[in-house]
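Since the model is a prediction, treat every value here as computed from it, not as a measurement.
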Amino acid sequence: EVQLVESGGGLVQAGGSLRLSCAASGFTFDDYVIGWFRQAPGKEREMISAFGIRDGNTHYADSVKGRFTIYSNRAKDTVYLQMNNLKPEDTALYYCAGGWFSIAALTGTISEYLYWGQGTQVTVSS
């Protein structure tokens, strides 16, 4: 059974940091791109970062460049999203998702993602 399980969300003040984790199981981790998406109330789901497990390629949305870092621990089949200098506009439900490696997946085409986690809430207070 394929599973993606997110953890690490919470409430933080503006300027603070959180680290989200996405633990994967049930598929060949190395063949995939793991993406982090977020959805705020009333807004569309957007990709904020992605990581190509095999080659380590990364992609970031402009809104998080310089503040967020994505990386993996292949021994644990886990991808992390380190979020620094958080802003109130970062408040959203954050999801990780997995798709076969492709440039489209790496750069955020949602339809490329096959498996989704249940989400973890991030709330940034001003």
Side-chain angles (χ1 to χ4, degrees):
E1 180 187 5
V2 173
Q3 280 194 314
L4 293 168
V5 180
E6 303 99 334
S7 61
L11 173 64
V12 65
Q13 288 188 330
S17 298
L18 285 172
R19 188 182 76 162
L20 304 184
S21 300
C22 174
S25 61
F27 61 90
T28 305
F29 193 61
D30 282 6
D31 292 340
Y32 278 71
V33 172
I34 300 295
W36 282 98
F37 296 77
R38 68 185 181 190
Q39 188 166 20
K43 294 188 176 181
E44 291 187 355
R45 189 172 297 189
E46 61 169 340
M47 195 200 79
I48 53 173
S49 188
F51 189 93
I53 301 300
R54 186 178 298 275
D55 59 10
N57 279 331
T58 59
H59 179 80
Y60 296 94
D62 288 343
S63 58
V64 305
K65 277 181 183 175
R67 300 189 297 124
F68 291 10
T69 303
I70 191 169
Y71 61 99
S72 77
N73 183 331
R74 291 170 74 175
K76 294 184 177 181
D77 286 358
T78 299
V79 171
Y80 302 94
L81 185 69
Q82 178 67 44
M83 306 187 296
N84 297 328
N85 191 21
L86 283 161
K87 304 176 181 181
E89 52 264 41
D90 294 318
T91 295
L93 188 60
Y94 283 67
Y95 300 89
C96 70
W100 288 103
F101 179 85
S102 69
I103 298 300
L106 191 65
T107 54
T109 302
I110 289 181
S111 60
E112 294 289 311
Y113 286 85
L114 305 174
Y115 309 115
W116 292 82
Q118 80 288 353
T120 186
Q121 178 67 36
V122 172
T123 303
V124 184
S125 63
S126 57

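- For the atom pair OG1 (T107) and CE (M47), the distance works out to 7.0 Å, reported to the nearest 0.5 Å.
- Taking OG1 of T91 as the reference point, atom CD of Q121 lies at 7.5 Å (rounded to 0.5 Å).
- Between Y32 and Y115, the angle of the ring planes lies from 30° to 60°, which puts this pair in the tilted group.
- L20 and I34 fall within a single hydrophobic cluster, where Ile, Leu, Val, Met, Phe, Trp and Tyr side chains are chained together by heavy-atom contacts under 4.5 Å.
- Side-chain contact between L4 and Y95 is absent, with no heavy atoms from C-beta onward closer than 4.5 Å.
- Salt bridge D90/K87: absent, no basic N to carboxylate O contact under 4.0 Å.
- Scanning both residues, D62 and K65, for their nearest heavy atoms gives OD1-NZ, 3.2 Å.
- Figure legend: R19 and Y80 shown as a cation-pi pair, the cationic atom lying under 6.0 angstrom from the six-membered ring centre and within 45 degrees of its axis.
- Checked against the 6.0 Å centroid criterion, the rings of F68 and W36 do not qualify as a close aromatic pair.
- The minimum heavy-atom distance linking Q82 with N84 is given by the pair NE2-OD1, 2.9 Å.
- A donor-acceptor pair is defined here as one N or O able to donate and one able to accept, closer than 3.5 Å; such a pair exists between the side chain of S49 and the backbone of H59.
- Counting only heavy atoms from C-beta outward, the side chains of V33 and Y113 approach each other to under 4.5 Å.
- Residues E6 and Q118 form a side-chain contact, since some pair of their non-hydrogen atoms from C-beta on lies under 4.5 Å apart.
- When all heavy atoms are compared, the tightest approach of R74 to D30 is NH2-OD2, 2.6 Å.
- L106 and I53 fall into different hydrophobic clusters, defined by Ile, Leu, Val, Met, Phe, Trp and Tyr side-chain heavy atoms under 4.5 Å apart, directly or through other members.
- Listed for the T120 side chain is no donor-acceptor partner under 3.5 Å among the backbone atoms of Y94.
- Residue V2 is grouped with residue W100 when hydrophobic side chains (ILVMFWY) are merged at heavy-atom distances under 4.5 angstrom, including chains of intermediate members.
- Hydrophobic clustering, with ILVMFWY side chains joined whenever heavy atoms are under 4.5 angstrom apart, keeps W116 apart from I48.
- For the pair R54 and F101, the NZ or CZ position fails the cation-pi test of under 6.0 Å to the six-membered ring centre and within 45 degrees of the ring normal.
- Not one N or O on the side chain of E112 forms a donor-acceptor pair closer than 3.5 Å with the backbone of G99.
- Of all non-hydrogen atoms in V79 and S72, the two that sit nearest each other are CG2-CB, 3.9 Å.
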- Full working for side-chain contact (heavy atoms from CB on, under 4.5 Å) between E46 and I110: CA-CA 8 Å; E46 61 169 340; I110 289 181; over 6 Å; no
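- In this structure, the side chains of R38 and S63 come closer than 4.5 Å at one or more pairs of heavy atoms.
- Taking each heavy atom of V122 and G9 in turn, the nearest pair found is CG2-CA, 4.2 Å.
- Looking at heavy atoms from C-beta onward, L81 lies out of side-chain contact with F51 at the 4.5 angstrom threshold.
- Of all heavy-atom pairs spanning A40 and A92, the tightest one is N-CB, 3.9 Å.
- Checked by atom type and distance alone, the side chain of Y60 pairs as donor or acceptor with a backbone atom of I70 at under 3.5 Å.
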